[in-house]
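Per chain, numbering begins at 1; letters A, B, ... match sequence-line order. Quick caveat, the model's predicted, so the values are computed rather than measured.
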Number of protein chains: 2
Amino acid sequence: MRLTTKDKILDVAEALFAEHGFNDTSLRTITSKAGVNLASVNYHFGDKKTLVRAVLNRYLEAFMPAVQDALITLNLNHTYTMSDVFESLREPLRALGDIRPNGTSRFMLLIGRGYTDVQGHLRWFITTRYQETLSLFTQSVLKANPNLTQETLFWRLHFTLGTCVFTMASSQALMEIAENDYEKQMDAKYIVDQLIPYLAAGVAA
Amino acid sequence: MRLTTKDKILDVAEALFAEHGFNDTSLRTITSKAGVNLASVNYHFGDKKTLVRAVLNRYLEAFMPAVQDALITLNLNHTYTMSDVFESLREPLRALGDIRPNGTSRFMLLIGRGYTDVQGHLRWFITTRYQETLSLFTQSVLKANPNLTQETLFWRLHFTLGTCVFTMASSQALMEIAENDYEKQMDAKYIVDQLIPYLAAGVAA
DNA sequence: GTCTATATTAAGATAGAC
DNA sequence: GTCTATCTTAATATAGAC
């Protein structure tokens, strides 16, 4: 057998959580689709909350250090633009596609679910464990446009998160429509290309 | 007795749906908090899906015609800016606060929940019933910036929808965080003030 | 580690008396 | 229209054999 039970659970849970949300994905659905026993979730993870965190953490532990590195490199410059800040996210996001098929959109979906589902424990987990990187990002945005107040910045970054989450959630449908209408091959990279200037413009406005 | 059983159910359901989402609010919680019998939901509304649509429709039937009117008025002008288009949404949104206390944020929350919870029936209900208004909005955006290609417009309007939906869905949590951090009283009007320039900048970029 | 079987809780919905 | 009582289903979680 190629995959351990633990990994089978993680892979299937990830797909289902991304598609239906955490609360609307039952352990029964996960285990039956993964071809493992219902009780194995509790054996390997203890409870559902811990499974949720484990799924998200496979991405976070790849993504966050990559962002951290990119931002540190960016900050070797004395000045930079808002576009430069958002460009720093491009490669770390793309690289998630190397970890797992559709890794980029999966990750963005899961993050969004963590905010919109009732998952206080998840928000707490992310912001406390990766506080250093998150605050380096905000500092960089602020350095790119020092006229932004802390408060305006707070709101615009959340708007940005919303844009990403929703886009990735509907990316499959959107790409199909766009491919039909504009007869052009679409992929996750293409969407990110459309996204980055839009986000930079909104945040810098 | 001032309120009918039906209205008591609608009022309580609205508050609970907005706060906890549709799937995480049980009929038992609604009826006990409303002081009515559990079976009365099924008597008056048939099932939970219909109750959900009834709650949202009290707002939609006020909001959509107001947007329609505002856009028709806007289009009496030969030219207008992207800001003008998004400004057209401001008064219809504000006016929801006259229908019911906190009407604006309630409505925004419910719409957001309709997109992020698994509520396909709700998305279908909105887009089919109010298609005319929705398409008038797209036409107006295009008139505000005729340089946008169909393709760019396509993507940016979806980004915009994502920003709105996500913001609405998490507005309660965001307001609480912001109130703590910036010691300022937040309300729906304040969020709309933050949102409109961000959206206009991103779409026009 | 994995399985069956089951405990426990809570949900939506309805039947039928009043 | 309203109520009690109940049906049916499905969720998380765990005990205990293998």
Mind checking what makes salt bridge (charged side-chain N to carboxylate O under 4.0 Å, His left out) contact with Lys189(B), not counting sequence neighbours?
Asp193(B)

To the nearest Å, how far apart are Phe45(A) CZ and dT14(D) P?
16 Å

Taking side chain to side chain donor-acceptor pair (under 3.5 Å) as the cut-off, I'd like each qualifying pair that reaches into residues 152-169 of chain B, sequence neighbours left out, listed once.
Thr163(A)-Thr163(B), Tyr198(A)-Thr160(B), Thr149(B)-Thr152(B)

Rounding to an integer number of Å, can you tell me how far Ile9(A) CD1 sits from dC3(C) P?
10 Å

Any protein N or O atoms within reach of nucleotides 11-18 of chain C? Criterion: under 3.5 Å, listing atom names and distances.
residue: dG12(C); atom: OP1; partner: Lys48(B); partner atom: NZ; Å: 2.8
residue: dG12(C); atom: OP2; partner: Leu27(B); partner atom: N; Å: 2.8
residue: dG12(C); atom: N7; partner: Arg28(B); partner atom: NH1; Å: 2.8
residue: dG12(C); atom: O6; partner: Arg28(B); partner atom: NH2; Å: 3.0
residue: dA13(C); atom: OP2; partner: Lys48(B); partner atom: N; Å: 3.1

A side-chain contact here means heavy atoms from C-beta on lying under 4.5 Å apart; do Lys48(B) and Val41(B) qualify?
no

Sequence neighbours excluded, which residues qualify as side chain to side chain contact (heavy atoms under 4.5 Å, CB included) partners of Asp181(A)?
Ile177(A)

Test Phe17(A) against every option in Val12(A), Asp24(A), Thr25(A) by the side chain to side chain contact (heavy atoms under 4.5 Å, CB included) rule and name the one that passes.
Thr25(A)

Partners meeting side chain to side chain contact (heavy atoms under 4.5 Å, CB included) with Asn37(B) (sequence neighbours left out):
Ala39(B)

Contiguous pairing runs of three or more, Watson-Crick or G-U under 3.5 Å, that involve DNA chain D:
C:1-18 with D:1-18

Is it true that a side-chain atom of Ser40(B) and a backbone atom of Tyr43(B) form a donor plus acceptor pair closer than 3.5 Å?
no

In whole Å, what is the span from the CG atom of Asn37(B) to the C1' atom of dC3(D)?
5 Å

Does Thr5(A) make a side-chain N or O approach to OP1 or OP2 of dT2(C) shorter than 4.0 Å?
yes

Decide yes or no on ring pair (Phe, Tyr, Trp, His ring centres under 6.0 Å) for Tyr130(A) and Phe137(A), but give the supporting numbers first.
CA-CA 11 Å; Tyr130(A) 297 102; Phe137(A) 181 77; over 10 Å; no

